[in-house]
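One structure below.
So that the names make sense, note that chain A is the first sequence line, chain B the second, and so on, each numbered from 1.
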Amino acid sequence: MSTNKSYKTREEILVKGREAIGIPFKQIDQTNRLTTGKGAIGSVMEESWFGYNINNEANPDFSSAGVELKVTPYKSTRNGLRAKERLVCNIINYMEEYKTTFQTSSFWKKCNTMLLMFYEHKENLSKGDFTIDEVVLFSFPKEDFLIIEKDWEIIVGKIKNGKAHELSERDTLYLGACTKGATAASVRQQPFSDISAKQRAFSLKESYMTYLLNKYILGNEADERIIKNPSLLKEQSFEEIIVSKISQHFGKTQQQLLAEFELKTSAKNVNELLLARMLGIKGRLSSTEEFQKANIILKTIRVNSDDSITESMSFPAFNFQKIVTENWEDCDFKNMLEQMKFLFVIFRYNNINELIFDNILFWNIPEPDLDEIRTVWERTVAILKQGVQLKTIGKRTYNNFPKSSENRVAHVRPHARNSQDTLTLPDGRQMPKQCFWLNNTYIREQLQKNFSPK
DNA sequence: GCATGATCATGC
DNA sequence: GCATGATCATGC
């Protein structure tokens with residue numbers, strides 16, 4: 001089956017692509033592809049707009065120009081425009097990928113230059129009414145290229161270590177290894193272990209796509225970048241660079257740091273402000289280009305002098321009525337956890353109760369622990385469906401959601417402004433907003449696992 | 001003392 | 001005004 005022969009240059013491809021802007025897909029579709037399931041819109045553009053047969057070749061769609069066609073959705077949210085999903089590139093052949101270098105890898109061969117066609121997914125419209133809104137010919141800028149190369153090496157490193165079955169999309173920053181297959185049971189062989197591994201594909205993370213979208217569609221100005229000189233990334237990983245910039249401050253008290261950076265604030269996010277100063281960032285750390293592209297979430301952890309941790313870690317409140325309509329496999333919470341990379345900023349109380357800046361840790365949830373969270377999530381949904389049991393004693397109202405004592409990893413607890421800050425339960429009653437929390441004991445366990453001598 | 005319910009402070 | 005990250009505080 002041939003790839004497209006009619007478009008030989010990048011310019012021709014871009015011009016033809018841009019001509020599609022504003023035309024509803026139902027007018028473009030000549031082969032009734034829109035009625036099919038996932039990927040229907042991409043198929044329409046390939047067949048009916050560019051006029052070539054759908055293929056799954058290793059070469060880019062426009063092979064002579066070296067351009068891969070990608071049609072990708074975004075959505076409008078109260079936080080602005082966001083990519084609706086990760087951009088899935090090519091399936092990883094564990095048996096072959098480790099034999100190449102990044103430059104000769106399957107991912108780079110296929111996707112180093114892409115024609116990105118963005119369309120808005122609107123909740124109340126059908127696919128046929130959607131239109132392409134923006135088209136760009138995209139090549140990776142140097143600062144991203146170097147991070148993506150490292151990401152690829154991390155993924156291939158796991159294959160080489162016989163750990164393809166332990167791959168997770170959260171291992172990396174921009175280029176992820178996302179699961180790909182009809183069911184979670186879609187597995188493949190790996191070269192250095194007998195354990196079969198989930199089928200995965202190289203993909204650009206949702207957060208990375210959101211950044212591209214805002215840059216290209218909205219024309220938003222670039223945000224502050226932490227690593228001003230991308231060449232540094234040739235020597236060290238992003239995480240290593242951050243640690244090397246910050247480690248000189250380990251051991252200082254919070255008071256010393258506040259004085260050193262001339263910060264006067266009672267804000268609960270002082271530690272984020274301090275970290276930003278250490279990195280030479282003027283604005284918020286979470287607004288930097290790298291943090292946005294990789295969806296790095298900063299969390300402060302205070303460790304007591306006896307190594308215990310008092311507080312559990314909260315997440316956004318969930319909507320009772322929405323969560324009961326979801327399945328774990330495609331629910332909001334799992335999706336969020338799968339996409340998050342955490343930066344733990346660790347402070348430790350010394351024996352005279354001073355708060356000492358102790359360390360930082362880039363962390364993500366290990367796959368087996370995500371399964372633990374699944375049980376908590378499913379119990380929560382089951383309880384909501386049965387009707388939560390509420391018992392008021394004095395000023396406090398007790399419930400029967402999963403407690404921290406019931407699961408090693410997570411529990412459910414209120415997360416509201418006060419007890420009047422409620423949402424409607426599926427049965428119509430009101431209840432203070434709740435969220436999933438990572439247990440304080442679990443956080444402690446994770447810190448010990450990552451910092452104990454190997 | 002700890003688990004769990006309750007609430008604060010900020011930024012957008 | 002609300003979401004969010006962070007922290008307080010009651011009562012078992």
Side-chain angles (χ1 to χ4, degrees), chain A residues 76-82 214 220 223 254 258 263-276 281-288 291-292 295-320 322-323 332-333 336-337 339-349 353 355 357 363 376 379-380 383 388-424 430-445:
Chain A
S76 180
T77 74
R78 65 165 191 279
N79 296 320
L81 299 189
R82 307 200 59 86
N214 282 285
N220 285 350
D223 289 281
Q254 195 182 43
L258 287 170
L263 271 175
K264 288 197 179 76
T265 173
S266 60
K268 282 190 178 181
N269 69 343
V270 270
N271 297 331
E272 183 191 351
L273 296 173
L274 284 173
L275 210 61
I281 300 297
K282 296 183 195 72
R284 300 196 56 179
L285 203 52
S286 55
S287 313
T288 58
F291 271 53
Q292 289 190 61
N295 197 27
I296 298 170
I297 310 294
L298 185 143
K299 296 275 191 185
T300 298
I301 298 171
R302 293 175 309 164
V303 182
N304 299 318
S305 52
D306 67 353
D307 272 2
S308 69
I309 293 172
T310 305
E311 302 297 344
S312 298
M313 193 174 283
S314 68
F315 290 91
F318 54 79
N319 179 314
F320 303 124
K322 177 154 193 249
I323 201 171
D332 286 347
F333 189 57
M336 182 174 74
L337 290 179
Q339 307 267 342
M340 279 180 169
K341 186 111 188 158
F342 293 89
L343 174 55
F344 291 159
V345 182
I346 304 157
F347 281 82
R348 181 181 287 272
Y349 285 104
N353 227 29
L355 208 46
F357 181 39
W363 180 82
V376 175
R379 271 207 56 215
T380 303
I383 289 167
V388 192
Q389 293 169 22
L390 296 175
K391 198 193 293 176
T392 303
I393 301 173
K395 287 183 190 162
R396 300 168 92 86
T397 301
Y398 296 85
N399 64 60
N400 63 332
F401 281 135
K403 311 272 177 258
S404 63
S405 47
E406 295 170 34
N407 183 281
R408 194 184 111 250
V409 180
H411 65 280
V412 172
R413 241 169 67 206
H415 191 191
R417 284 176 58 237
N418 55 47
S419 54
Q420 270 54 257
D421 186 18
T422 62
L423 286 175
T424 309
Q430 294 291 311
M431 184 179 189
K433 293 175 183 168
Q434 308 279 319
C435 78
F436 294 99
W437 298 70
L438 292 182
N439 297 349
N440 53 352
T441 46
Y442 174 69
I443 305 285
R444 173 183 182 171
E445 178 195 308

(request) Output the single nucleotide from C:dT7, C:dA3, C:dC12 whose closest atom is nearest the side chain of A:Lys433. (result) C:dA3

(request) List for me each residue that meets salt bridge (Lys or Arg N to Asp or Glu O under 4.0 Å) alongside A:Arg379, sequence neighbours excluded, and say none if there are none. (result) A:Glu406

(message) Quick one: does any side-chain atom of A:Asn439 pair with a main-chain N or O of A:Tyr442 as donor and acceptor, under 3.5 Å?
(response) no

(request) Find out whether A:Thr422 and A:Phe320 are in side-chain contact, i.e. whether some heavy atom of one side chain is under 4.5 Å from a heavy atom of the other. (result) no

(request) Mind checking ring pair (Phe, Tyr, Trp, His ring centres under 6.0 Å) for A:Phe401 and listing every partner two or more places apart, or none if nothing turns up? (result) none

(request) Could you tell me the separation between the CG atom of A:Asn407 and the P atom of B:dT4, rounded to a whole number of Å? (result) 12 Å

(message) Let's see if you get this right: which residues in residues 411-420 of chain A place a heavy atom under 4.0 Å from DNA chain B?
(response) A:Arg413, A:Pro414, A:His415, A:Ala416, A:Arg417, A:Asn418, A:Ser419

(message) Using heavy-atom distances to pick each residue's nearest nucleotide on DNA chain C, tell me which of A:Pro316 and A:Arg302 is more 5'.
(response) A:Pro316

(message) Run the salt bridge (Lys or Arg N to Asp or Glu O under 4.0 Å) test against A:Arg444 and tell me which residues pass, sequence neighbours left out.
(response) none

(request) Grab the NZ-P distance between A:Lys403 and B:dA3 for me, whole Å please. (result) 13 Å

(request) Send over the distance from A:Leu298 CG to B:dT10 C1', rounded to a whole Å. (result) 15 Å

(message) Which nucleotide wins on minimum distance to the side chain of A:Asn399, given the candidates C:dT7, B:dG5, C:dG5?
(response) B:dG5

(message) Using heavy-atom distances to pick each residue's nearest nucleotide on DNA chain C, tell me which of A:Thr310 and A:Met313 is more 5'.
(response) A:Met313

(message) Between A:Arg396 and C:dA9, is there a contact of a side-chain N or O with OP1 or OP2 at under 4.0 Å?
(response) no

(message) Nearest whole Å is fine: how far is B:dA3 P from A:Ile309 CD1?
(response) 13 Å

(request) Please check the phosphate of B:dA3 (OP1 and OP2 only) for any side-chain N or O of A:Ser405 closer than 4.0 Å. (result) no

(request) Measure from the side-chain N and O atoms of A:Asn214 to the backbone N and O of A:Leu81, and report whether any donor-acceptor pair falls under 3.5 Å. (result) yes

(request) Calculate the interatomic distance between A:Glu272 atom CD and C:dG5 atom P; express it in whole Å. (result) 10 Å

(message) For A:Phe436 and A:Phe333, I'd like to know if the aromatic rings sit close, meaning centre-to-centre distance below 6.0 Å.
(response) yes

(request) Calculate the interatomic distance between A:Lys395 atom NZ and C:dG11 atom P; express it in whole Å. (result) 7 Å

(message) Do A:Thr380 and A:Val376 have side chains that approach each other closer than 4.5 Å (heavy atoms only, starting at C-beta)?
(response) yes

(request) Specify the separation, in whole Å, of atom CG of A:Asn440 and atom P of B:dT4. (result) 10 Å

(request) Specify the closest pair of heavy atoms between A:Ile297 and A:Met340, including all atoms of both residues, with the distance to one decimal. (result) CG1-CG, 3.8 Å

(request) Would you mind reading off the bend of the helix from B:dG1-C:dC12 to B:dC12-C:dG1 from its two end axes, five pairs each, to 10 degrees? (result) 20°

(request) Tell me which nucleotide among B:dA3, C:dC8, C:dA6 gets nearest to the side chain of A:Ser404. (result) B:dA3

(message) In this structure, how many angstroms lie between the C1' atom of B:dT4 and the CG atom of A:Leu438, rounded?
(response) 16 Å

(request) Sequence neighbours left out, what passes salt bridge (Lys or Arg N to Asp or Glu O under 4.0 Å) with A:Glu445? Give chain and number order. (result) A:Arg408

